[in-house]
There are 2 protein chains.
Amino acid sequence: MTEKLKSFYLFKDLDDKSLARLDEISNVIEYKKGSILFFEGDKAANLIILLEGILQVYKTDQKGNKVILHHFFPVDVIAEIVNFEHMHYPASAEFESDGKVLSINYDTFEKEFLKNPDISFAFIKSLSKKIKYLENVIATNMVMNSTARVAKFLCENGDKISKLKKSHIAANLNMTPETLSRILKKLSTMGLIEKQKDEILILDKEGLETFYL
Amino acid sequence: MTEKLKSFYLFKDLDDKSLARLDEISNVIEYKKGSILFFEGDKAANLIILLEGILQVYKTDQKGNKVILHHFFPVDVIAEIVNFEHMHYPASAEFESDGKVLSINYDTFEKEFLKNPDISFAFIKSLSKKIKYLENVIATNMVMNSTARVAKFLCENGDKISKLKKSHIAANLNMTPETLSRILKKLSTMGLIEKQKDEILILDKEGLETFYL
DNA sequence: CAATCTCTTTGACAAATATCAAGAATAATT
DNA sequence: AATTATTCTTGATATTTGTCAAAGAGATTG
């Protein structure tokens, strides 16, 4: 297990003694697809690192619609500020696939590890990454309209698109499947993409980019 | 000047020698209301700390409308990840009032100061604060509708409201003045607020809160 | 391969907010 | 105080996206 810990960038510079200690204060938990890692409002006692699976973080608006805020992939540190600031989770998190998590007792971690310059630098790195992600969420969802979001998604994920259900893509882009369908039709009519059996071909990437750049 | 530096929480634990060095690599710049601190896309060479004034950070959407993302107040560290990640500014910043800024050569700062555990802890604190702020921007603007945003603003800023122009409030809430006017009228009709000459009285705070809690 | 189930598309309509234009209220200036 | 300039409000209309319902297309199962 200490070997496994060592392989995470956050811990790569720790000596064996520290790793053993870290091992003591942490454990691995597995989750099934669809299960909830935490609910909005929960308090956090553990620092959580996503080892396997895709985690979706969302809020629910007044009409009861999910508003998807993040996706986390391995190996991401999840919501560390909630630990750092002793806050409540500002959103809920649900596994989009089966997953696995490393759960570290945070108080001990802060006391014994966060002073270590390598750890704190990695922690800064992780926070920084999160800010970039949030900036992107804001730029995408507050500044861009539906068509722009679809165009951006197509340009950035043209490959993955065949594997995903359209309704799933729509949820990720915070729009309804109907709206997505209509936009794809429009882009198709404009000759920017071609809808095939199972795939969407991008015919004019530059044309798509004009919607959001 | 070193005394002044010492008064910022980020530097409060530095010894005199370090402060003198910090002084060497930094300088104070003054800005007039309406002037631009940086444009979206600019590259950053300096770590910027807002000493005086209110700074507005915004993007421009495709129609040319400003979308206001943040407000910074003294003493905030501005967009430190842009330095840390050697990125370009993802948005523009404009002074809403006359202002003053401490500009620190970032490369030197990272090399000579960021290793210091007190500094790095304060840096983490600052990043953490920013994440909370961004989470709030997202929660407010992506999850809440116009009425909820106005209600929240009234509850949180009931005092300041008389000093601000309505068009300015509307811009801050990312809606048009017309929409704000209509919502205030609606809330007034519902008996939750009372519009007076120069002020808005909150008659039923709990009633307002139901719009967004 | 027919029946069933799920997902996607389409159409008609509704809701929220923006836009444009005009009038009303306030504030500033002469 | 009268005039002028700003800002705010109101009404009419447009735009974007969501909602609901039904039809169509694909996939799955017996």
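Chain A is the first sequence line, chain B the second, and so forth, proteins listed ahead of strands; every chain is numbered from 1. Values reported hereafter were calculated over all heavy atoms of this structure, with side chains retained and with hydrogens, waters and symmetry mates removed.
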Check whether any side-chain nitrogen or oxygen of Ser146(B) sits under 4.0 Å from OP1 or OP2 of dT17(C), and answer yes or no. yes
What is the distance, to the nearest angstrom, from the CG atom on Asn65(B) to the C1' atom on dT16(D)? 14 Å
Over all atoms of both residues, closest heavy-atom pair of Thr210(A) and Gly207(A): OG1-O, 2.5 Å
Can you check whether Lys63(B)'s main-chain N or O pairs, donor with acceptor, with Asp61(B)'s side chain at less than 3.5 Å? yes
Result for side-chain hydrogen bond (donor to acceptor under 3.5 Å, both in side chains) between Asp76(B) and one of Lys129(B), His71(B), His70(B) points to Lys129(B)
May I ask you to say what Thr176(B) touches in the nucleic acid, namely base, sugar-phosphate or nothing, with a heavy-atom cut-off under 4.0 Å? base
Do the side-chain N or O atoms of Thr179(B) get closer than 4.0 angstrom to the phosphate oxygens (OP1, OP2) of dT17(C)? no
Let me know the distance between CG of Asp61(B) and C1' of dA18(C), rounded to the nearest Å. 11 Å
Check: Glu178(B) side chain, dC8(D) base, donor-acceptor under 3.5 Å: no
Gap between atoms CG and C1', on Leu184(A) and dT8(C) respectively (whole Å): 11 Å
Is the distance between the ring centroids of Phe121(B) and Phe84(A) under 6.0 Å? yes
Nearest-nucleotide pick for Lys185(A), side chain only, options being dA18(C), dC8(D), dG11(C): dG11(C)
How many Å lie between NZ on Lys165(A) and C1' on dA27(D), as a whole number? 12 Å
From CG of Asn145(A) over to C1' of dT15(D), roughly how many Å is that when rounded to an integer? 11 Å
Using modelled atom types only, decide if a donor and an acceptor are shared between the side chain of Asp98(A) and the backbone of Lys33(A) within a distance under 3.5 Å. yes
State which of dT9(C), dA18(C), dT10(D) makes the closest approach to the side chain of Met175(B). dA18(C)
Rounded to the nearest angstrom, tell me the gap between atom NZ in Lys166(A) and atom P in dT6(C). 19 Å
Between dT8(C) (P) and Lys186(A) (NZ): distance, integer Å: 20 Å
Can you tell me the distance, in whole Å, between the NZ atom of Lys63(B) and the C1' atom of dT17(C)? 10 Å
